[in-house]
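Worksheet: one structure, shown below.
Every value quoted in this text rests on a predicted model; they were computed, and no experiment measured them. Numbers restart at 1 for each chain; the letters A, B, ... are given by sequence-line order, proteins then strands.
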Number of protein chains: 2
Amino acid sequence: MKSVTRSLRILEAVARHQPVTLGELTKLFGLPKSTVQRTLVTLNEAGWLRANRRDTTRWEIGARVLAVRPAALQGSSLFAAAREPMIRLRDTVNETIHLSVPDALQCMVVVDRVDCDHAVRTFHAIGDTSPLHATAAGHAILAHLPNPEVEEFATGTFEGYGEETITDPEELRTELQRVRDRGYAVNHNQYLQGVCAIAAPVLDGEGTPLAAVAVSLPGSRFEPGRLPELGRLVAETAAEITARHLA
Amino acid sequence: MKSVTRSLRILEAVARHQPVTLGELTKLFGLPKSTVQRTLVTLNEAGWLRANRRDTTRWEIGARVLAVRPAALQGSSLFAAAREPMIRLRDTVNETIHLSVPDALQCMVVVDRVDCDHAVRTFHAIGDTSPLHATAAGHAILAHLPNPEVEEFATGTFEGYGEETITDPEELRTELQRVRDRGYAVNHNQYLQGVCAIAAPVLDGEGTPLAAVAVSLPGSRFEPGRLPELGRLVAETAAEITARHLA
DNA sequence: AACCTCCATGCCGTATTGTGGAACGCCGTG
DNA sequence: CACGGCGTTCCACAATACGGCATGGAGGTT
């Protein structure tokens with residue numbers, strides 16, 4: 001359904017560029033004005049878009065989209081359960097904390113973020129995605145998945161992003177075992193150069209992983225000696241979120 | 001654009017009923033199976049929907065929508081600015097705190113929530129909507145809007161939800177003046193019976209209201225004597241969020 | 001086991017629906 | 001005052017989505 005696909009792409013474009021004008025969108029997509037215009041009006045009528053209050057020729061996202069929450073958030077209860085432990089972790093380590101969920105084992109999606117106050121920090125926006133095989137959050141999820149699912153995942157090919165990226169299925173399996181042993185996953189330059197992350201999984205009542213909490217910091221600030229302590233703190237935070245979520 | 005409108009309604013239905021089957025959706029809308037099916041497949045390809053991992057005949061919301069979510073929160077900076085003051089307010093009063101934004105002066109949408117730990121609490125999920133004229137959050141917004149906009153709003157008719165609901169425009173105007181004088185809005189049984197709320201607005205640099213912070217508690221726990229103190233705390237929290245948001 | 005029901009999926013002729021070029025009207029500018 | 005940029009509206013065309021029907025499994029019942 002062409003018009004539907006296009007509408008959603010326009011919706012996403014509005015989200016990224018808001019508040020945005022019709023003209024800017026037509027340039028962005030190279031579509032006729034009338035087509036984009038009709039789409040915007042339709043999205044507006046549905047409540048997903050609205051005109052900016054100051055400049056009514058500019059469009060922005062309506063609050064309606066908040067009612068549509070991914071199942072991965074367990075209807076926002078996961079979100080709510082994670083918030084305070086994440087803030088506490090940030091206060092303890094003063095580094096940026098992320099909460100990510102797997103999207104159909106395709107990629108990890110950043111769901112929530114608590115910033116540190118260093119001048120130099122890592123930045124991942126809410127909604128950003130990253131590959132499962134090359135991030136700490138992804139490893140934390142994979143390590144706690146039932147074996148058949150991991151095997152199915154390991155049949156795919158793994159894109160490399162640098163020297164550190166694990167592209168060999170066998171190597172990934174041993175790394176996942178290490179993650180299980182330690183209780184947390186570590187990523188240093190596997191995906192984004194200069195970024196280091198330590199992650200642990202949030203589980204549901206049956207032990208399947210729902211999400212991962214991660215501390216993310218610039219490699220320049222990472223001291224290997226702090227790793228065991230950071231890992232322990234992240235794992236504790238994840239465990240606390242798991243517990244709160246079940247309650 | 002019929003198909004777009006329908007797709008969005010289906011998307012919302014999936015969000016409300018997820019994980020949901022094709023059959024359930026067709027019954028819900030009274031549409032032919034193939035129509036709904038095609039829509040689901042399209043939404044899935046766009047990444048907004050996905051099949052449930054356990055039961056692949058059930059559909060749920062995909063994580064893609066999160067990319068659009070922050071935009072609904074004024075570029076998420078408001079959201080980030082509000083979070084910690086809200087938690088502090090909750091810690092002080094031990095009641096549930098809500099952050100709501102107006103949706104095109106149609107309704108208030110709950111954007112964020114921090115729970116208290118009482119066994120009896122009010123409950124409004126993130127994404128829930130409520131009428132502007134019958135809630136404390138709505139009054140907090142309306143009270144700080146430029147007069148012409150309020151007048152335009154006051155031309156509509158106000159649905160009543162109980163004896164306390166303000167349905168008369170003139171009465172609303174005097175109530176809004178009272179809100180301005182006090183610095184906070186109060187709602188007792190205007191919308192939902194047995195629920196009491198105290199709210200204050202978060203403003204942008206030019207004084208237009210962006211959102212409202214509210215303390216929400218069961219009427220049974222509300223002591224009129226505490227009102228001035230609660231009102232002061234809510235107003236202070238809102239002011240702090242305003243300040244953080246500008247910084 | 002054989003039957004039956006429910007459900008998701010694929011197909012295809014039809015006409016409904018969305019398409020996009022063009023013309024219009026409104027501002028702000030040179 | 002004329003021009004250029006922009007959002008909005010119109011309309012004939014045909015591409016597109018519609019929905020009835022048929023197919024193929026998966027589960028449950030007798």
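Expressed to the nearest 0.5 Å, how far OG1 of B:Thr242 lies from CG of B:Leu210 amounts to 7.5 Å.
For B:Ser34 and D:dG20, a side-chain-to-base donor-acceptor distance below 3.5 Å is present, hydrogens and geometry of angles not being considered. Judged by atom type and distance alone, B:Arg38 does not reach the base of C:dG10 through any side-chain donor-acceptor pair under 3.5 Å. With hydrogens and angles ignored, no donor-acceptor pair under 3.5 angstrom links the side chain of A:Arg58 to the base of D:dG7.
Proximity of B:Thr35 to the phosphate of D:dA17: no side-chain N or O atom is located under 4.0 Å from OP1 or OP2. Taking side-chain N and O atoms only, A:Gln37 has no distance below 4.0 Å to OP1 or OP2 of D:dG7.
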Quiz item: Run the side-chain contact (heavy atoms from CB on, under 4.5 Å) check on A:His144 and A:Leu203 step by step: do they pass?
Solution: CA-CA 9 Å; A:His144 294 82; A:Leu203 310 171; 4.2 Å; yes
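In this structure, the side chain of A:Gln18 engages the main chain of A:Ile61 through a donor-acceptor pair within 3.5 Å.
Projected onto DNA chain D by closest heavy-atom contact, A:Thr56 and A:Lys2 fall at different nucleotides, the more 5' of which corresponds to A:Thr56. For the pair A:Val4 and A:Lys27, both in contact range of DNA chain D, the more 5′-proximal nearest nucleotide belongs to A:Lys27.
The shortest non-hydrogen separation linking A:Thr208 to A:Pro146 is CG2-CD, 4.5 Å.
Rounded to an integer number of Å, the gap from CG of B:Leu22 to C1' of D:dG25 is 15 Å. The distance from atom CD of A:Glu45 to atom P of C:dG18 is 12 Å, rounded to the nearest whole Å. Atom-to-atom, CG of A:Asn44 to P of D:dG7 comes out at 15 Å; the value is rounded to the nearest Å. Taking atom CG of residue A:Asp55 and atom C1' of nucleotide C:dC26, one finds them 14 Å apart after rounding to whole Å. We find that CG of B:Asn52 is positioned 16 Å from C1' of C:dA8, with the value rounded to whole Å. A:Phe29 places its CZ atom 17 Å from the C1' atom of C:dG20, with the value rounded to the nearest Å. Atom-to-atom, CG of A:Leu40 to P of D:dT8 comes out at 9 Å; the value is rounded to the nearest Å.
As judged by a 4.0 angstrom heavy-atom cut-off over every strand, B:Lys33 is placed among the base-contacting residues.
Using a cut-off of 4.0 Å between Lys/Arg side-chain N and Asp/Glu carboxylate O, A:Asp103 and B:Arg50 are scored as salt-bridged.
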